[in-house]
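Take a look at the structure set out below.
Protein chains get the first letters and strands the later ones, always in sequence-line order, with residue 1 at the start of each.
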Number of protein chains: 2
Amino acid sequence: MTRNPNMREAILSAAESLFSTRGFNAVSIRDIALEAGANPGSVTYHFKSKDGLLLEIYKRHCGPMNKRRIELLVAARRVRDVQDRLEAIVRAYVQPAFSSSSDLAGGGARFTRLRAVMSAEGNAVVGRIIAEIFDDTTNAFIEAIEQSLPHLPRKTLVWRSQFLLGALYYTLVNPERVTRLSRGEADGADMAEAIEQLVSATVASLQAPDINGEAAAESAAKAGARKAPAGSRSRNP
Amino acid sequence: MTRNPNMREAILSAAESLFSTRGFNAVSIRDIALEAGANPGSVTYHFKSKDGLLLEIYKRHCGPMNKRRIELLVAARRVRDVQDRLEAIVRAYVQPAFSSSSDLAGGGARFTRLRAVMSAEGNAVVGRIIAEIFDDTTNAFIEAIEQSLPHLPRKTLVWRSQFLLGALYYTLVNPERVTRLSRGEADGADMAEAIEQLVSATVASLQAPDINGEAAAESAAKAGARKAPAGSRSRNP
DNA sequence: TGATAATTTGTACATCTGTACAAAAGAAAA
DNA sequence: TTTTCTTTTGTACAGATGTACAAATTATCA
């Protein structure tokens, strides 16, 4: 008897859940099968190997998530006000990572956490995918930000996009820390608030003056360090 | 014959290196022994178990790193200018994570990357340590920032400290991404630049207005969303 | 020197791992 | 029904894993 009408989905879901919380190597095929209520042999039947299973998870999510991101980005670029536009661009990048709008309900955050864990583990199977698929999307966002902040060198925007992705990842990996450090004032697992906090913080960081140059003339008289002169921040010129 | 005068150190160093790049479960005791030029049995002799080895790595680094952080924080709090002080505080948090000033040469970044990987894998052995040792230091920093930015609720500062740590972690975990996306313009492994970029971006994000309230009155007339009204950012009141 | 302690080595073992594969069970179509 | 295809199950296996432990080796010190 076929207990579960769609065992393939159950296995995928179980694997996604376990990989995203424990990592790839810490989870065995038997663990996945147990969680999915399947037989271990059934896993290799559907996905051939453990690597194949991981690959299938990526295939499942990458497309919809980045498609949604680009949709939102296109809309964001049409916003008139520079400030509003920048915020819309960042939101277009962040939002689909927390909750994919595709049919996979609530899978967005789980998949992003999975990406974070795989990235930390230096997973070889996944490394290729990241560079090939995600870099295109990220480049589109960097270009859009570049147009809204033309006075900043691309190099600096890349650094700041790195910080954004890191913040995004860690928020999903370790939400308890927010709850703990805020002594219950904030809920680290509240994704709506996470998005708002992340967007506002990122928009501000994107608008910071470049570390060398740009706002330097403003406070030239001031004695200070060589790089990143202290106290030179006030507003974009 | 004792080939290596301090085999214990060699094992610790090898384990640190392997764990920080591949994760905990992907590295076997035999891998570590091979890397250290030791016998597998020697590892359990010195550290009793694989968990014990990981624990010993943390004991080795946590103290010096957080001690250095607090030293720098104390100095930073004495800075007069608010802007300069905030920057000094953030730098005091970031700098020791990249290069510990202790006798362990260059071990700071490697250990921080290790922490990032363990955090992503949800390592149980380490979870306890993080909360007990690192939260104290982090709280000291949040308090210091709170004093420099008294108009912001603690809750918001906790979120932004979360983003800072995430950015820090990811920069060490995946520096190649910066190099790749910047098309060689930037070197993601250049830690001096990573620190400067991270500090300047973080100082700006800390100074952003709170997502609900604070700067709301300024643009009250503006039609907009409920939370985080778009276009409300201009300057701290 | 010789005796005692500290370390390193080699081996062994029970367990878990990914995967293969034949047999069984079920579903679909004739 | 019978036939054919798809899926699930159970078992097996070769290899890796953490760890224990006795023997061999080296260092320390009387």
Give the rounded distance in Å between these two atoms: [atom1] of [X] and [atom2] of [N].
X: A/Ile11; N: D/dT9; atom1: CD1; atom2: C1'; value: 13 Å
X: B/Ile32; N: D/dT17; atom1: CD1; atom2: P; value: 11 Å
X: A/Asn39; N: C/dC21; atom1: CG; atom2: P; value: 17 Å
X: B/Phe19; N: D/dG18; atom1: CZ; atom2: P; value: 8 Å
X: B/Asp51; N: D/dT17; atom1: CG; atom2: P; value: 16 Å
X: B/Leu34; N: D/dT17; atom1: CG; atom2: C1'; value: 15 Å
X: B/Met7; N: C/dT7; atom1: CE; atom2: C1'; value: 10 Å
X: A/Leu18; N: C/dT17; atom1: CG; atom2: P; value: 12 Å

Side-chain N or O of A/Ser28 versus OP1/OP2 of C/dT17: is the shortest distance under 4.0 Å? yes

Cation-pi, B/Phe134 ring and B/Arg115 (6.0 angstrom, 45 degrees): yes

Looking at [options], which one has an atom nearest to any side-chain atom of [X]?
X: B/Arg30; options: C/dT17, C/dT19, C/dA12; value: C/dA12
X: B/Tyr45; options: C/dT8, D/dT19, C/dG18; value: C/dT8
X: B/Ile29; options: C/dT19, C/dT8, D/dT19; value: D/dT19
X: B/His46; options: D/dT7, C/dT17, C/dT8; value: C/dT8

Answer with base, sugar-phosphate or nothing: what part of the nucleic acid does B/Ser42 contact at a heavy-atom distance below 4.0 Å?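 The answer is base, as B/Ser42 lies within the cut-off (heavy atoms under 4.0 Å) of a base atom.
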
Students often get this wrong, so: under 4.0 angstrom with heavy atoms, is B/Val43 touching a base, only sugar-phosphate, or nothing?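 No contact at all - B/Val43 keeps every heavy atom at 4.0 Å or more from the nucleic acid.
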
Could you pick out which residue, A/Asp31 or A/Lys48, lies toward the 5' side of DNA chain C when each is mapped onto its nearest nucleotide?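 The answer here is A/Asp31.
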
Just checking A/Phe111 against A/Tyr58, ring centres under 6.0 Å apart?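 Ring centres of A/Tyr58 and A/Phe111 closer than 6.0 Å.
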
Are any of the side-chain heavy atoms of A/Phe24 and A/Val126 separated by less than 4.5 Å? no

Do A/Thr137 and A/Met65 touch side chain to side chain, with heavy atoms closer than 4.5 Å? no

Check the pair A/Arg60 / A/Glu9 against salt bridge (charged side-chain N to carboxylate O under 4.0 Å, His left out), numbers first and verdict last. CA-CA 11 Å; A/Arg60 171 67 49 106; A/Glu9 296 295 327; 3.1 Å; yes

